[in-house]
Each structure stands twice: as structure tokens, then as C-alpha cells.
Amino acid sequence: MTLWILCLPLSVLLLVAVFVLHLDTEWRKSALLDRVVTAAEQQAPEMAQAVIEAEQSRLDSMARRLLDIDEARGVGIYSDSGMIQLELGRNRAQVATSPPLEQHLDTSSDLWRLMVPLTPTELEGSVTSRAWLELDIDSRPLTLDYYRRLATTGLGLLILGLLLFVIASALGRRVDTSLDDAAEALRRLRSGDFEARLPEAGAPELRRLARHVNALGDELKQSHENMQRQIEQTTTDLEESMETIEIKNIELDLAHRRALEANRIKSEFLASMSHEIRTPLNGIVGFCRLLGRSRLEPRQREWLDQVQIACDNLLALVNDVLDFSRMEAGRLELDRAELDMVSLVDEALGQQAPLAHQKGLHLLGLVYDDVPSLLRGDPLRIRQVLTNLIHNALKFTEQGEVIVRVMLEEQNSQGRALLRVSISDTGIGLTPQEQHSLFQAFRQAAASHSRHYGGSGLGLAISRQLVEQMGGQITVESEPSRGSTFSFTLPLDVIDKGEIAHAAIFENERVALYEPHDPTRHALNHSLTLWGGQVEELRQPDLLPPYPSLLVAALPADPNEALLEEWRSRLQASPCPVLLLVNAAPLEMPDLHLPNGCEILSKPVSRQALADALRRCRAAQPSHEVVEERRARVLIVDDNAINRRLLRELLQRPGLELIEAGSGEEALALAEGSPFQLVLMDIRMPGMDGIETTQALRRLGGQWSSCPVIAVTAHAHDSERERLQASGMQEILVKPVDSNRLEAVLHRHLGPVASPPAAALPAPRDTAVASDLAVVDMELGTRLANGNESLARELLDELVASLPKTVNELQAAHATGDPETLLDVVHALNGACRYCGAPALALVAETLETRLRSRGMTDVDTLIEDLLQAIQRLREWHGGHQDKPSSTTIASASSASSLKDR
């Protein structure tokens, strides 16, 4: 307030004073100019006449009259001839170079100069020379007077400011005192002292402020008293309510504890149920496999197949229930790893291909070109959703096609891509009411579907939760009898590793394409064009000149003998290599006697397998050297020599080079040499197990980062499969290795390789099947050895030779109570028995390993005794029949029959 009182008036007065002084100075300058100019103009005619008449005294008199003006400092009269007529008081002459035509005043400096032409009017035009007057005027006194008055005004303003300061200070102290008293009163009121009051004295404004502060104190005091009364009443009511709430809390706590106990019992029941169901199921599966190795009548084998199917369905149901429970409990964690949608779709289609072949359905995967090649997400869960939806589409489709499409919805600048994956079929379709309840747990579209098609109704619920947990959404579009389309979105991170160019296979060559199925034909046409070919679609597979460089043709799913003979003739007479595509399993391929340069692939064909086959067909030559250079190197890693021996026998063919490793360390040493195209990896090995070896191979980088590694194990539950795939393994083969599965794996990862030489399997005998499992069944061993009886005997000899060491390790592990070591010993024995014709020992080993995996060391003493007895019986049989070759089945001792209940 003091500053406002002091500064504002002074500032206004200062501005007014400066403005007034400036106006006064300008007026004084204007008056001076008028006086000087008037005097000069009055003297100019007379001076002009005096100049003409050359009267110097007269000029001097008139010049001195001009100098009588106080501000005049000098005067001069000049002519254009350069002669000075008169010059008084001018210290330095600044004469104009030419006579001015009119009056001119120069005020650019403190010394003004006035120039006036001296030409009489009556003589104008007749005068030959011109003269003019120059007058110097000093304006500095006006400037000095301005500054003097400005200083006087400033001094007066300073005195006025001091006076205002004294007045403002006194007024400010008075107001500050009143305000401090009001602030103190308000502070006391805020702290709860409601007796604080201000004296109502002084200026009217201060008295009004004091009245309001005092009124505020009275109101606060009244409000405080009212609030105290309300608090007391509320406290009484709250005490009564707290007593009621405490009783309710006790009841809720008891109910909560009962709910937690019920949930714990449910969880324990679910876990116990899963183990209890898995344990007998594993035993049933083991019995079925062992029975499958023995001689069975066709009807009995059909019954056994039905039992196997029922077991697989039941295991799938248990796995779905456990997966659903794990997701409901929030214990499912997503992985973030590099993935390729082309590879994921090809793998999912390859797993479901047998069902498509069985039904004669077209199964096709289309990954659009704008989909980024390298993404980051959870490949295991994406593959699980794809497999589930593809399997459902195949299950509910009897004829037609199932097509998987992957397309890019959008991609932002932050490296985030949104993919849309759709699975469309031509199956039974769904009504709007069925679609509404489709993704609910334990629900299928119709009540009759579970009976007719099987399934638990959990697959779609699990898929929905997986997709939503990955940040996407799943939808369905369907019409009854017109098929369905399941779609889901996937937000994934794009791994920027530069643009991946498609390697050219053809050099603008003509490629003929014969494919009756429209979507497959369009997909093949696009791929062949992308790889540099000029595609010509054919209505018939017959070629006319000019012949193309390659023919890609599709065979019917179930060709008759006449059609096969027609194709044999066409292939032999073909002027170019031929790549045949057939909708059948690899082991069910028709025998077409393919000439050199021709190949046959099983649908659905992966993009990599198709590209490799096209390159081989394009570069096919009849020389043996080329074939030798293209042999694929396969590494077999297993600590059991019997397993390695049998895998070598199953894989033996001209197109493969087989290398064995007895341990993970030996496999790593071999990996540093020439590259391998496929690895078959045992899981449980001493030292480095299969998982550690696979991870070490992946860390080598280079081709090992993408080399397929196939797990070969005797146990492959879902949890075990997830663990193996997470460690870097692409697929799992279960011992004993099924030849069809093995051929499918070779076909997916190595492309078409030379088929193994046909072996004459022993014909089924008509003798009655023994009621008990045999100690040795040479016919079973021969079948497991791929039809080689001598190899079966050698494998049996190697097994018997390893039994003493196995017995010592088994007894030592049992005596120390080490479950892991005991499981390793039993697992190795179980794996060795799976490839030998020793069903009795194999059954006991399988049962003991299942018990160890499910219950640990609990109740295994009896099974270990049974295992030792089975080993002893095998050794006794081998000692008594070492020199007696026989293909008959030797019945086991009667005590072995008791093992069927374990």
C-alpha cells in the first residue's frame, strides 16, 4: 500500500512535468524561429538593393541590426560568383555551393543556419549574378533552460515524494497493526479459541472488519457446540452399530473360512483326481501299447484301437480341465519369444493333417505377404489356439475344406502389429443361439455334439481366455449347413531386422500348374510367381509344346489303379520334372515309380518344404554325385546303444547320413563340425540331459538357432511337452517310435527323402494268443526292428548284456532312497525294452516308471521286486535259448500275470 501511495502519484506527476516542459521548449523554439525569420525577411529586400548598388556601409549596418537579436551569432552575404559581400561573427564559414532559390532553414544541429536569397523583385530576371544571406542562430540557451527547469521540477517531486512517504508509512503502520490483530484473532479461532475478539474502534473500515471477525467467532463457537452434540449422538449410534457389525464380521469370517476350506478341498481334489486319473490311464496306455506289439486277431486289434482312442480322449479331457483350472486361478504366464507365423501355421496344419487325410478334406494355410516375418509373442499358446480351432473345424466338417488365413490388420510406428487369424470351414455351421453359448466352459453348440463328435466343451473356452490374455479378441461367423469362420486378433511386437527378400527359385521360367481345388491353386500360383516363375494354369495335366520347365500337379485323394497307371505313364514320358501333391499321409503315398527329377509331397505342404522340393526338381540331375551332395545329416543322441541302433535302422535310407552321439557332451563336440539338418534327442541322459544339450546347441548360434531338434522320450504328458517345447524342441516322438510319426517328422523338416527299403515282415501266425505276456516274443521284436530278425536278436542280446549293470544301479538307488536316480535307471531300462521283444519286462518297467512319476517313492517296493524277477526271468530265458533260434513266443512264468493289476 505504501508503494502504491508513493509511486503512483510521483510517476503521474513526473510524466506530466516532462510533457509540459517539452511542450514549453518546443513553443520557445517556434517563437525564436518566427522572430528570426521575420527579421531576416524584413531586411532581405534592402540588403538585396544594397548589394546591387554596392553600398558596403549600408550592408554592414543592416547586418549588425540582425546581430542584435540575442540568439544570432553570425551573418554573411555571398554571391554566386564566389565573392563574399559581408561576413560578421562567423568563425567557420559553411557557405552553400549554390545560391538558394527560396528561403531555407537548417536545424540539424544546435547552431541553426538560415539562408535567404537577396534578389529584388523589381530587378528579378535582369540581374546577372545572385546573392544570398546566411544567418547563424544559437539554440543552446533554449536547451539549457529546458534542463534547468527539468531539474527544478525533479527536486520538487523528490520533496513531494518524501512527504508522501511519511504519510504512507504512518497510514501503513496503522493498517498493519489492525490487520495483524485480525490475523491473530483468526489464528486463535482456527486453533479452537472461540473467545478471541477484536476491539471495534478506529476507522469505519476497520470497525466493520472487527465486527465481521467477531461475528465469525460467535458462529464458530455455536457450530462447535452443535457439532459436539452431534458427535456424541453419532458415537452412541455407532457403538450400537459396531456391536451389530462385529457379530456379522464373526459370521462372515466363519463363512469365509468355510469357503477357503472348501476351495482348498476342491483344489486338492482336482490335483488328486488328475494324478489318480493319469496314473491308471498311463497304465492302460502302456498295456495297450504292449498288447499292440503282440499277435492279435483283426477284431481284437480293432477293439484295442477303440480303447486307445478312448484313452486319448480321456487324457485330452483331463488336460483341458487342468488348463482351464490353471487359467481360472490366474497361474498361466505368457512367454515373449521370437516367432514366425508361417512356421506356426505350417506346424499346426501338419499336426492336424492325419485327420484331414482320413476325411479327405482340403487343409490349407494362407499367410499374407504383408504379415511381418519376425514377431515377438508366445508361440506355444498361439500354436495351442490354432491347433484347437483347426481340430474343431476338421471335426465338424465332413466334406469340403478348412482354410487358415493370417492377415495384417494394422501396424503403428512403435513397432506394434495387429494380426487377424481366421479359420474357415464348410462344416455343419451354427445357429445364432448356438453361437451365443459357444465359448462357455463345458458347453458345446448342441447337446448331441458331445455324443456324436466327442470333446469336453472346454477347447473354445480355453482358446478364448488365451486370446484375451494375449490382448486379442475371438469371434465367430456362421450359418447352419454353410460352415463357420472363427477369427481372433493378435497384438504382437514386430522385430525389425530389415526387409526379408524372398529368395528366387526360378529365373522367369514357365511353370505349369494343375490343381482342381481353387483356393490351393490360387495359393500355389501366388507362391510360384513370388519365387520368379511364369505360371500357366492347366485344366488337364497333359503337357503340350512348348514344354514348361516344371509341372506342379495335384493327385486325387484316393486314386484308383487305372489312374495310378495313367500317372506312371505320364511321369515316365514327361519332358520336364514333375512335383506331385497328394492329400494323403506320407506312408500312404501311392507307388508311382517316380523318375529322376520328380517328387511327391503330402498336403498340406509347408512353404519351406515346397520351396526345397521346387529347388530339387529344378536342379535335378541323374548323376549319383549330386544325390550324394544333397544327403541330409541327422544326429541321433541317446545314451542307450540299443535305442541308437534301432533308430538308425528305422532311419536307414540313401538320402540320410546318420551320426550317433552317446551323450550330450559328445553331441556338442559333433555340433562344432559339419552342420546337421535334424537332431533326434533323448531326454533323460547322465551328465547333460536332453534339455540342457538342446539349450547349449541353440547358444552356438548360426544354423543351430533354427535346426529342428526332435525330443524322443518315453513320457510326454502335456506339462512335459510344454517344458520340452519351451527349451527349443520342435516336436516330440514317444518311445517306441511309431514309423508313421517318424516319417511325418522327416517329411515336415527334411522334405521328401528316399523311402527305406521294404522289409519282409513275418506273416501273422494263426496260433492262439497266450493268455499271459511272454518273456520274449521274437515276432514282436522283429516287427519293432523294422522287420530285421537278426537285428532284433542283436538288440535283445545287448539288452540282456546290460541287465547286470542295471540291477546294480537299481538296487543302489533304491537303497539310498534317491527318486531321481531311480527314475533315471528305470527310464533307461524302459526305453531299451520298448525296442526289444521282451513284453513282460517292458510292462513292469513302464508301470514302475509311471508310479515313480506320479507318486514318487511311495509303494514301489513290490514293483521293484517284480522288476528284478522279470529281469531274472529274461536272463534265464536268454541263457537257455542262446543257441536256439526261434520265432515263436515263449510264455512267461505264471507269476508274471500278477503284474497286470499293478
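When a residue number appears, it is its place in the shown sequence, counting from 1. Because only heavy atoms are used, hydrogens play no part in the values below, and waters and symmetry mates are left out as well, while side chains stay in. These numbers come from a predicted model, not from an experiment.
Heavy atoms only, all atoms of each residue included: Pro577 and Gly597 are closest at CB-O, 3.2 Å.
For the side chain to side chain donor-acceptor pair (under 3.5 Å) criterion with His749, the lone passing option out of Glu731, Gln730, Gln608 is Glu731. The side-chain contact (heavy atoms from CB on, under 4.5 Å) with Pro519 is formed by just one residue from the set Leu524, Leu366, Leu364; it is Leu364.
Applying the salt bridge (Lys or Arg N to Asp or Glu O under 4.0 Å) rule to pairs touching residues 544-557 yields nothing, sequence neighbours excluded.
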Would you check, one step at a time, whether the test side-chain hydrogen bond (donor to acceptor under 3.5 Å, both in side chains) holds for Asn583 with His517? CA-CA 11 Å; Asn583 199 20; His517 185 237; over 6 Å; no

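Of the possible donor and acceptor atoms, one in the side chain of Lys359 sits under 3.5 Å from a partner among the backbone N and O of Lys395. Between the side chain of Glu565 and the backbone N or O of Leu563, no donor-acceptor pair lies under 3.5 Å. Side chain of Ser422 to main chain of Ser487: no donor-acceptor pair is present (N/O by atom type, distance under 3.5 Å, no hydrogens or angles). Not one N or O on the side chain of Arg420 forms a donor-acceptor pair closer than 3.5 Å with the backbone of Val406.
A salt bridge is absent between Glu477 and Arg482; no separation between the charged side-chain nitrogens and carboxylate oxygens falls under 4.0 Å. Salt bridge present: Asp542 and Arg570 bring a charged side-chain N and a carboxylate O closer than 4.0 Å.
The side chain to side chain contact (heavy atoms under 4.5 Å, CB included) test applied to Ala512 returns Leu538, Leu543, Pro548, Leu551, not counting sequence neighbours. Scored by the ring pair (Phe, Tyr, Trp, His ring centres under 6.0 Å) test, His522 finds no partners at all (sequence neighbours excluded).
Interatomic distance, CG of Leu386 versus CG of Asn388, reported as 10.0 Å (0.5 Å rounding). Annotation: the span from Leu544 atom CG to Gln540 atom CD amounts to 11.0 Å, rounded to 0.5 Å.
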